[in-house]
Amino acid sequence: MSHKNKYLNVGNKTKEILESSIDNPISYEDALHLMNVKGKDIIALINTADIVRENIAGNNVTFINNWNINFTNICSGTCGFCAFKKDKSDDDAYFLDISQIVDITKNAYNNGATEVCIQGGLNAETNTYFYEDIIKEVKKECKDIHIHGFSPMEIFFGSKQSELSVEESLKILKKAGLGSMPGTAAEILNDDVRKVICPDKLCAEEWEEVVKTAHEIGVKTTCTMMYGHIETLKDRVDHLETLRNIQKETGGFTEFVPLTFMHEKAPIFKQGYSHPGATGTQDLKIYAIARLMFHDYLPNIQVSWVKTGFKFAQIGLLAGANDLGGTLGEENISKSAGSSYGVRTELKNLKSVVEDLGRSPAIRDTLYTDITLV
């Protein structure tokens, strides 16, 4: 396949990588090269990722009608990027009763939501059996709702609180009705980085253990990367390679969600430890390089409009992404970190964003098994 016009004035190494990437995933070394490209090479990278996106995912841009429930902000964690957590004694600390979680779910479900994403802080009142009770009570009232809940950190923490293995905990939650898990808490899967940004969180190997175990028992997860704080470009590629290797082994990831670091209210930024987030160019490189690394191993790459805004989300959809996330509801974690793009949108807004690109808007379910053009 010839791409001479697109690669005019592009470096020979970049041209070689991009030409081969149309049909085959790029190597680790090639990804590292592309992380460092400048100028017209960036444009060629983005264009190539868009071609690969069309070949693999087609021209649909998917999104979901969902609702986030952050059931408590009381957390014992010390993550340096988090402005959401509170101590129990803080005036604005809260902990929703299970009945309140059920009421929120019923309201969302009655308004068309097909998924609720349930997550919360880590504290003495949370464990595997508490998560199980949430799931059972929600399912009792809304049996058809998909519960996308509890991060790998929550599963790890809840297991220890309940004196269960990770596998035992996941089997309990799956039996109760857990449909899938968010692949958050990954941040950057490098323990030297994690010692700075999230010293009390599970280590990289433990995160991998949780998601692999979930996949093994039939609970699919998303996967994420939070970047733009203290990590290097190599750390980013290492992280993507780790995710790719897990996906090759298990096939259990439904989507990759890059999460650009919201620095404004983050403790590590206020204390002078971190960068002020990623640049727009770096964001686009993440979408594009992820597309070229994952290829058809992982067809779905999401842009987070709540972090980037709709205008930049559109650009992300031109750089290799094919999913626009969801309506979100009460997405409080990004808001508390300084995001200014809101926490809720309507399906018509997502549809408008997609149509403006000349692509086809489509509502999906959580697992990308039911996709309907709108």
So, Glu163 side chain and Lys160 main chain: donor-acceptor pair closer than 3.5 Å or not? no

Looking only at side-chain N and O atoms, does Asp323 offer a donor or acceptor that is under 3.5 Å from a partner on Thr62? yes

When you check the gap from the basic side-chain N to the acidic O, do Lys88 and Glu125 get nearer than 4.0 Å? yes

Would you call Arg244 and Pro25 a side-chain contact if the rule is heavy atoms closer than 4.5 Å? yes

May I ask you to say whether Lys143 pairs ionically with Glu141, meaning some side-chain N is under 4.0 Å from a carboxylate O? no

Residues that His148 engages under side-chain hydrogen bond (donor to acceptor under 3.5 Å, both in side chains), provided they are two or more places apart: Ser180

Please determine whether a side-chain nitrogen of the Lys or Arg among Asp30 and Lys13 lies less than 4.0 Å from a carboxylate oxygen of the Asp or Glu. yes

Whether the side chain of Asn73 engages the backbone of Asp92 through a donor-acceptor N/O pair (distance < 3.5 Å, no angle test) should be reported. yes

With Thr221, which residues qualify under side-chain hydrogen bond (donor to acceptor under 3.5 Å, both in side chains), at least two apart? His215

For Val37 and Leu34, the nearest pair of non-hydrogen atoms, with its separation, is CG2-O, 3.1 Å

Under 3.5 Å, side chain of Thr48 to main-chain N/O of Leu18, donor-acceptor pair present? no

With a 6.0 Å cut-off on the ring centroids, do Phe130 and Phe95 count as close? yes

Check Asp133 with Lys136, please: is the shortest side-chain N to carboxylate O separation under 4.0 Å? no

Would you say Asn322 and Asn60 are linked by a side-chain donor-acceptor pair, where the criterion is simply a distance under 3.5 Å? no

For Lys171, which residues count as a side-chain contact (heavy atoms from CB on, under 4.5 Å) partner, sequence neighbours excluded? Glu167, Ile217

Could you check whether any side-chain N or O of Thr72 sits under 3.5 Å from a backbone N or O of Gly121, counting only pairs where one atom can act as donor and the other as acceptor? no

Return yes if a side-chain donor-acceptor contact under 3.5 Å exists between Thr369 and Asp365, otherwise no. yes

If you define the side chain from C-beta out and look only at heavy atoms, does anything of Leu243 sit under 4.5 Å from Leu189? yes

Should Lys234 and Asp238 count as an ion pair when the cut-off is N to O under 4.0 Å? yes

Less than 4.5 Å apart, any side-chain heavy atom of Leu173 and any of Val219? no

Any chance you could lay out the salt bridge (charged side-chain N to carboxylate O under 4.0 Å, His left out) test for Glu206 and Arg194, step after step, and finish with the verdict? CA-CA 12 Å; Glu206 290 164 339; Arg194 298 175 80 81; over 6 Å; no

Counting only N and O atoms by type, is there a donor-acceptor contact under 3.5 Å from the side chain of Arg236 to the main-chain atoms of Ile188? no

Side chain proximity check, Leu240 to Phe256, heavy atoms < 4.5 angstrom: yes

Between Asp356 and Gln314, do the side chains contain a donor N or O and an acceptor N or O under 3.5 Å apart? yes

Classify the angle between the aromatic ring planes of Phe261 and His229 as parallel (below 30°), tilted (30 to 60°) or perpendicular (above 60°). perpendicular

Would you say Gln302's side chain and Asn300's backbone share a donor-acceptor pair under 3.5 angstrom? no

